Asks: 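Dumping the structure here so I can ask a few things about it.
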Amino acid sequence: MEHIPILQMGNFLLVTIQVDMHDRLALTLQDDLTNRISETSAHGVLIDISALEIVDSFIGRVLGNIARMARVLDAETVVVGMQPAVAITLVELGLSLTGIRTALNLEKGMALLRSSLSEPAKPPIVERGRSVHDDGKD
């Protein structure tokens, strides 16, 4: 059975699709990815589709399902590397990738994930009524 590799990079999972996607492979990726999110407690998923020349309605729906399933498992999904011809085809066909965040390339996708997962600034730690950042000068 054919599988697409899923790499872990800290809190993120990286999927680079380098083969033609067919329906069965897309469903296998969906299952594999949701299992890996659960096993690793990953908070982000990057899916690189730069090698895909065609994203049909089924593949688009599977990508949307992956994003929704990841969200339920507390992970954000960003699809990166969409070729212009793929974007044009999706728009002309009226297919929207609802619930899918996109970025131009892997670097921008990683930045998008990091910014969306950034935690608010932590309050200062207070010891015996003083902030650890307090230098004692008044």
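As a basis for the values below, the full set of heavy atoms in this structure was taken, side chains included, without hydrogen atoms, waters or symmetry mates. Because the structure is predicted, anything quoted here is derived from the model rather than measured.
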Asks: Quick one: CD1 on Ile66 to CG on Leu73, what's the gap to the nearest 0.5 Å?
Replies: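 Here the interatomic distance stands at 12.0 Å.
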Asks: Which heavy atom of Ala75 sits nearest to which heavy atom of Ala42, and what is that distance?
Replies: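 Minimum heavy-atom separation between Ala75 and Ala42: CB-O, 3.5 Å.
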Asks: Tell me the closest heavy-atom pair linking Asp48 and Gly81, and the distance in Å.
Replies: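 Result for this residue pair: OD1-CA, 4.1 Å.
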Asks: Would you give the length of the straight line joining atom CD1 of Ile4 to atom OG1 of Thr28, rounded to the nearest 0.5 angstrom?
Replies: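 Here the rounded value is 8.5 Å.
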Asks: Is it the case that the side chain of Gln83 and the backbone of Ser50 share a donor-acceptor pair, with hydrogens and angles ignored and the cut-off at 3.5 Å?
Replies: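 Yes; judged by distance alone, with no hydrogens or angles, the pair exists.
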Asks: For Gln18, I'd like to know if atom CD has over 12 heavy atoms of other residues, nucleotides or ligands within 6.0 Å.
Replies: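 More than 12 within 6.0 Å, yes.
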Asks: Can you list the steps and then say if Leu90 with Val55 is a side chain to side chain contact (heavy atoms under 4.5 Å, CB included)?
Replies: CA-CA 8 Å; Leu90 289 174; Val55 174; 4.3 Å; yes
Asks: For the CG atom of Leu29 and the CZ atom of Arg36, what is their distance to the nearest 0.5 Å?
Replies: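 CZ of Arg36 is found 11.5 Å from CG of Leu29.
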Asks: Would you kindly confirm whether Leu52 and Ile54 end up in one hydrophobic cluster when ILVMFWY residues are joined by side chain heavy atoms under 4.5 Å apart?
Replies: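 No, no single cluster joins them.
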Asks: Evaluate the side chain to side chain contact (heavy atoms under 4.5 Å, CB included) criterion for residues Val79 and Arg101: first the C-alpha distance (whole Å), next the side-chain angles of each, then the deciding distance (0.1 Å), finally the verdict.
Replies: CA-CA 6 Å; Val79 173; Arg101 300 175 75 188; over 6 Å; no
Asks: Can you see which heavy atom on Lys108 is nearest to which on Asn105, and at what distance?
Replies: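 What the structure gives for the nearest pair is N-OD1, 2.8 Å.
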Asks: For the CZ atom of Arg68 and the CD1 atom of Ile100, what is their distance to the nearest 0.5 Å?
Replies: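 Arg68 CZ to Ile100 CD1: 7.5 Å, rounded to 0.5 Å.
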Asks: What are the two closest non-hydrogen atoms of His22 and Ile59, and how far apart are they?
Replies: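 Closest approach of His22 to Ile59: O-CD1, 4.2 Å.
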Asks: With rounding to the nearest 0.5 angstrom, report the CD to CE distance, Glu53 to Met21.
Replies: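 Going from CD on Glu53 over to CE on Met21, the span is 14.5 Å.
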Asks: Less than 4.5 Å apart, any side-chain heavy atom of Val78 and any of Ile47?
Replies: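 The answer is no; the side chains never approach within 4.5 Å.
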Asks: Is it the case that more than 12 heavy atoms not belonging to Leu93 sit under 6.0 Å from its CG atom?
Replies: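 Check passes, neighbour count above 12.
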Asks: Same hydrophobic cluster for Met9 and Leu106, using side-chain heavy-atom links shorter than 4.5 Å among ILVMFWY?
Replies: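 Yes, same cluster.
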Asks: Got Thr102 and Val80 here, is their nearest side-chain heavy-atom distance under 4.5 Å?
Replies: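 Thr102 does not reach Val80 side chain to side chain.
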Asks: Kindly indicate, with the supporting measurements, whether the criterion side chain to side chain contact (heavy atoms under 4.5 Å, CB included) is fulfilled by Val15 and Leu46.
Replies: CA-CA 6 Å; Val15 178; Leu46 277 171; over 6 Å; no
Asks: I need the Leu13 CG to Thr77 OG1 distance, nearest 0.5 Å.
Replies: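 Spacing of CG (Leu13) from OG1 (Thr77) equals 9.5 Å.
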Asks: Applying a strict under-4.5 Å side-chain criterion to I, L, V, M, F, W and Y, I'd like to know whether Val86 and Val62 cluster together.
Replies: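 In one cluster: yes.
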Asks: Are Leu33 and Leu97 in one and the same hydrophobic cluster, where Ile, Leu, Val, Met, Phe, Trp and Tyr link if side-chain heavy atoms are under 4.5 Å apart?
Replies: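 Linked, Leu33 and Leu97 end up in one cluster.
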Asks: If Ile, Leu, Val, Met, Phe, Trp and Tyr residues are connected whenever their side-chain heavy atoms lie under 4.5 Å apart, and connections chain through other members, are Leu7 and Ile37 in the same group?
Replies: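 No.
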